[in-house]
Amino acid sequence: MRVLVTGGAGFIGSHVVEALTAHGHEPAVFDTRAAPDADVRDPVAVARAVSGVDAVCHQAALVGLGTGFGDAAEYVSHNVLGTAVLLTAMAEAGVRHLVLAGSMVVYGEGRYACPHHGVVRPGPRAVADLDAGRFDPGCPRCGGALVPGLVGEDAPADPRNVYATTKLAQEHLAAVWAQSAGGSAVSLRYHNVYGPRMPRDTPYAGVASFFRSALARGEAPRVFEDGRQRRDFVHVRDVARANVAALTAPAAPGRLTVYNTGSGEPRTVGDLARALADAHGGPAPVVTGEYRLGDVRHITADSARLRTELGWHPEVEFAQGMREFAVPE
């Protein structure tokens, strides 16, 4: 199968290219890092790229929280307009299979249960609470403590920042394309992906990259809030294998299918910082109490659907992945 991989020279995309090759497929890379004119927003370049391919694995995107609402237009241009241009070219070329790099950020906060009111959805955290060090959201009905759990694919979307909004828009576009063009679309909602080739020292890098860069400078990782915020850290090679599984699974024409893509093992950000510091032999993490507006407190995945329907499971254990990742590339 010949597969166009947008963003195929990037962090996750390059691993997808390797995984496709290892499974006997023929990946074609479309990425401005590889060719300056490979802009997913350029209809002419994209039409040329999709010609003759069997499927598209859409990894190209501007990622991370960004630096505030001031870059909203840039996020929409890259992520929403770029996806619309790509899907239009696919429809015209008769390419009917898409795998999209989705994101868990579309959920906003994760799943919470109140002992008195059952499953509830807390709203955005108040600045006054964050300033006072009250990081966990309370029950929106009684204000009591909540118990975080695993969020499933059927949970309502509730994007809390510009990036999250654009990732949800990508899914909506993919769903409309699938219905109108008779194509099959899969969105893999990635959780916190880490591993080799992860971007570093940019506003868009992930927390694992920030911690590793600090350790490489001989500095202690700075952990925001109280370090107890829960995430699901999944290795990039496992994510690449999920893309191959989605590309080669029996197609479901006319609709978008969504899969959480995580390790299934919730960890705190403090756990991550300590594991990296131990593996690196560097200074212990420092918990700062700082916060970023737009961050959510707890978001961890239920990836059972991906395991059951596509036969995928993560292979890189957390401690092993941390030891590998701690070594500077």
Side-chain angles (χ1 to χ4, degrees), residues 1-64 66 71 74-93 95 97-103 163 166-167 170 173-174 185-188 190 193-206 208-209 213 235-248 261 325 328-329:
M1 179 167 58
R2 181 170 172 80
V3 182
L4 179 68
V5 184
T6 69
F11 167 43
I12 298 175
S14 63
H15 287 275
V16 172
V17 167
E18 290 179 355
L20 285 167
T21 302
H23 285 79
H25 302 290
E26 182 185 355
V29 173
F30 186 84
D31 194 308
T32 53
R33 301 172 189 86
D37 62 343
D39 189 329
V40 76
R41 298 167 294 179
D42 181 347
V44 175
V46 173
R48 188 184 312 120
V50 300
S51 178
V53 304
D54 303 299
V56 174
C57 187
H58 185 29
Q59 304 292 317
L62 190 59
V63 301
D71 54 11
E74 187 175 9
Y75 271 88
V76 171
S77 177
H78 282 85
N79 297 356
V80 183
L81 175 61
T83 300
V85 170
L86 174 65
L87 294 172
T88 300
M90 291 174 64
E92 293 175 351
V95 181
H97 194 26
L98 170 74
V99 173
L100 172 68
S103 176
Y163 169 63
T166 65
K167 296 306 289 184
Q170 286 184 318
L173 286 169
V186 171
S187 178
L188 298 175
Y190 301 161
V193 186
Y194 74 95
R197 303 172 213 150
M198 191 175 190
R200 65 177 70 195
D201 302 326
T202 80
Y204 312 103
S209 182
S213 292
H235 197 276
V236 66
R237 289 197 297 271
D238 286 331
V239 168
R241 290 175 43 255
N243 276 270
V244 175
L247 283 162
T248 56
T261 307
F325 185 65
E329 299 168 63

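Here, residue 1 is the first one in the sequence, and each next residue gets the next number. Just so it is clear, the values below take in all heavy atoms, side chains as well, and ignore hydrogens, waters and symmetry mates. Here the structure is a predicted model, which means the values were calculated and not measured.
- At least one side-chain heavy atom of P196 sits less than 4.5 Å from a side-chain heavy atom of R237.
- Looking at N79, its side chain never comes within 3.5 Å of a backbone N or O of A61 through a donor-acceptor pair.
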Steps toward side-chain contact (heavy atoms from CB on, under 4.5 Å) verdict (F30, V50): CA-CA 9 Å; F30 186 84; V50 300; over 6 Å; no

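- The CD atom of Q170 sits 8.0 Å away from the OG atom of S187 when rounded to the nearest 0.5 Å.
- The minimum heavy-atom distance linking L98 with A174 is given by the pair CD2-CB, 3.9 Å.
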Working for side-chain contact (heavy atoms from CB on, under 4.5 Å), residues L188 and V239: CA-CA 9 Å; L188 298 175; V239 168; 6.0 Å; no

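- For the residue pair S213 and R200, the shortest heavy atom distance occurs at OG-CB, 3.7 Å.
- Contact annotation: the side chain of R197 never approaches that of V236 to less than 4.5 Å [non-hydrogen atoms, C-beta and beyond].
- Here the rule is side chain to side chain contact (heavy atoms under 4.5 Å, CB included) with V99, and of V16, N243, T248 only N243 fits it.
- Here the closest heavy-atom approach between residue G8 and residue V17 is recorded as O-CG2, 3.7 Å.
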Audit row: V63, F11, side-chain contact (heavy atoms from CB on, under 4.5 Å) steps and yes/no: CA-CA 11 Å; V63 301; F11 167 43; over 6 Å; no

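- Distance CD/E26 to CG/L20: 10.5 Å, rounded to 0.5 Å.
- Without hydrogens or angle criteria, T32 side chain to D39 main chain gives no donor-acceptor distance under 3.5 Å.
- With rounding to the nearest 0.5 Å, the separation of CG in D71 from OG in S77 is 12.0 Å.
- Taking CD1 from I12 and CE from M198, the interatomic distance works out to 8.5 Å, rounded to the nearest 0.5 Å.
- Judged by distance alone, the side chain of D54 and the main-chain N or O of V3 form no donor-acceptor pair under 3.5 Å.
- Between the CZ atom in R48 and the CG atom in D37 there is a gap of 6.5 Å [rounded to 0.5 Å].
- Here the shortest heavy-atom pairing between A9 and R33 reads O-CD, 3.7 Å.
- With hydrogens and angles ignored, the 3.5 Å screen pairs a side-chain donor or acceptor of H97 with a backbone N or O of L247.
- Closest heavy-atom contact between V29 and A34: CG1-CB, 4.3 Å.
- Within the 4.5 Å cutoff, side-chain heavy atoms of Q59 are placed close to those of V5.
- From R41, atom CZ reaches atom OG1 of T83 across 11.5 Å, with rounding to the nearest 0.5 Å.
- Heavy atoms only, all atoms of each residue included: A19 and V244 are closest at CB-CG2, 3.6 Å.
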